[in-house]
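Working notes, structure below.
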Amino acid sequence: MWWKHAVIYEIYPRSFQDSNGDGIGDLNGITQRLDYLKDLGVDAIWITPMYPSPQVDFGYDIADYTAIDPQYGTMADFDRLMKEAKARDLRVIMDFVPNHTSDKHPWFIESSSSRTNSKRDWYIWRDGKGPGQPPNNWQSWFGHSAWKFDPRTGQFYYHHFYTEQPDLNWRNPEVRKAMYQVMRFWLDRGVAGFRLDAVSRLFEDPNLHDDPLLPGANAYGDQNIEHKYTDNLAEVHEVLKEMRQLVDQYPGDPVLISETDEPNIAELTKLYGSKLDEIQLPMDFQVADVNQLSAARFRELIDQVENNSAGGQPYFFFNNHDQDRTWDRYGDGVHNEAIARLLATLLLTTRATPQLYYGEEIGMLTTPPARKEDVRDPIGKLGWPKEKGRDGERTPMQWDASENAGFTTSLTPWLPVPASYKQRNVAVEEKDPDSLLSFYKQLIRLRRAQPALRDGAQITVNCHDADLLSFVRKNPNNSESVLIVLNMSNKSKTVAFNLEPQGITGVSAKLLLSYPAPGATNVPLYAIALAPFGTMVASVK
Ligand code: GLC
């Protein structure tokens, strides 16, 4: 179960490293940076889609599941990346997009060619309610009706996301067979598993019930609805079981990570499967999106995960390619440096498998386009200015202080490099022992070195404290445990701990890592002082 102890790093290939000067990142660029990733301490990379695609949704609209988009390289480049990653003991996780294809995928081109085509039933085609009227009120996640009329055959097709992303019909056994072949194709090439895109959306109500209306309107001006009949249908679990059985046939314990934005722990828990026979690592969006430094809320969520009877392995992250970076969601503008370290500590000291997103380790900021005409992500065009799209969190990786941050030699990277790159970049931060990057490295090393952080139980302590989130990782062999204290307030705090109920009788704690840097290395447990948004990781016995 390597994935239980792994640190996973998400790479948006378009923005990571350009190796051929066209302004777009590529596979050889990733290969070139593997030493950096190894040094950072990660165990696996998840690469977002680099398959041939018209790039409407920047790769999530796939036109061929078993090839590499020439923008990103060739299959030989991919194989070289795999080989070089393996040589460094780094695993590669693919992004698998089962819910929909591109409208340029040959399957959809066939399907839309006539009502009697053999692939017609590979997608969701329905008659309208009346002339010019969609079959029902279902909405696309990206705005407006989820149905698009195709005049050629006089029917509508369903698309949960962009109109260029028609949904596959997972009730059709041929679709399942074809998609499982895709998974085998990549497993045969040695990948360590898949991140399953939007997998809770695989099925829709066959009776086409209208979704319930909710008050208010979204950024696109549509009436809000509850996506009740297009998300989380019970049949999803059948497919997850089949996918798990498939990956389990391969050596090396391949992993399934699900992008499933579940509203509560009960729904999240179902994803493991009743016999732990579905997803090994369902992403926990509740933790990612607390969006305020609330000790009480984080404690509640961590406890829920801990008491989760399914016994599956949690998976935490704060950043990804779909939402503003944490710096902007959690920062207060004054203590951002401390807050970045606090979140890094939370991410890297709990029992959950942690996932980083490229650039978070150097403190990259969300940098949305300033003008509508500069927006690349279509939802930003449709929802401007309320919804500026996701370009802001996809800007090029900031490697050094040279022009375009060492990302590309082109004068026009696909998205502009944020002005912050001069100070915030890998080269500068690597040299500074107090940088955020150095802090991440130390945390990852600690996570590996301390048996309690690796295998210890997780117990929240001082549970009525409104400002501090504190928890113990208890050493399984009764020796050194680890106490983590995070001050989620803007006040200096001094706090006392009695850890006897946890079997810890020592009266002092030995600092392993803290921010700001401490004056002493040993602190008495009856008076631990933390600066505003201060962080402390210490060993206790
Ligand atoms: C997932 C991806 C997102 C994409 C969508 C449609 O949510 O993370 O980037 O736009 O699926 O594929």
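Ligands are counted one by one from 1 in listed order, and the atoms in each one are counted from 1 as well.
Between Tyr9 and Phe16, the ring-plane angle classifies as perpendicular under the 30° and 60° cut-offs. By the 30° and 60° cut-offs, the orientation of the rings of His227 relative to His160 is tilted. A tilted orientation is assigned to the rings of Trp414 and Phe58, their planes being inclined by 30° to 60°.
Checked against a 6.0 Å centroid threshold, the rings of Tyr158 and Trp138 count as neighbours.
No cation-pi contact links Lys4 to Trp2, judged by a cut-off of 6.0 Å to the six-membered ring centre and 45° from its axis.
Ligand 1 lies under 4.0 Å from heavy atoms of Asp57, Tyr60, His100, Phe142, Phe161, Gln165, Arg195, Asp197, Glu259, His321, Asp322, Arg390, Arg394.
Every residue two or more places apart in sequence or in another chain that forms a side chain to side chain contact (heavy atoms under 4.5 Å, CB included) with Phe185 is listed here: Thr66, Met75, Arg189.
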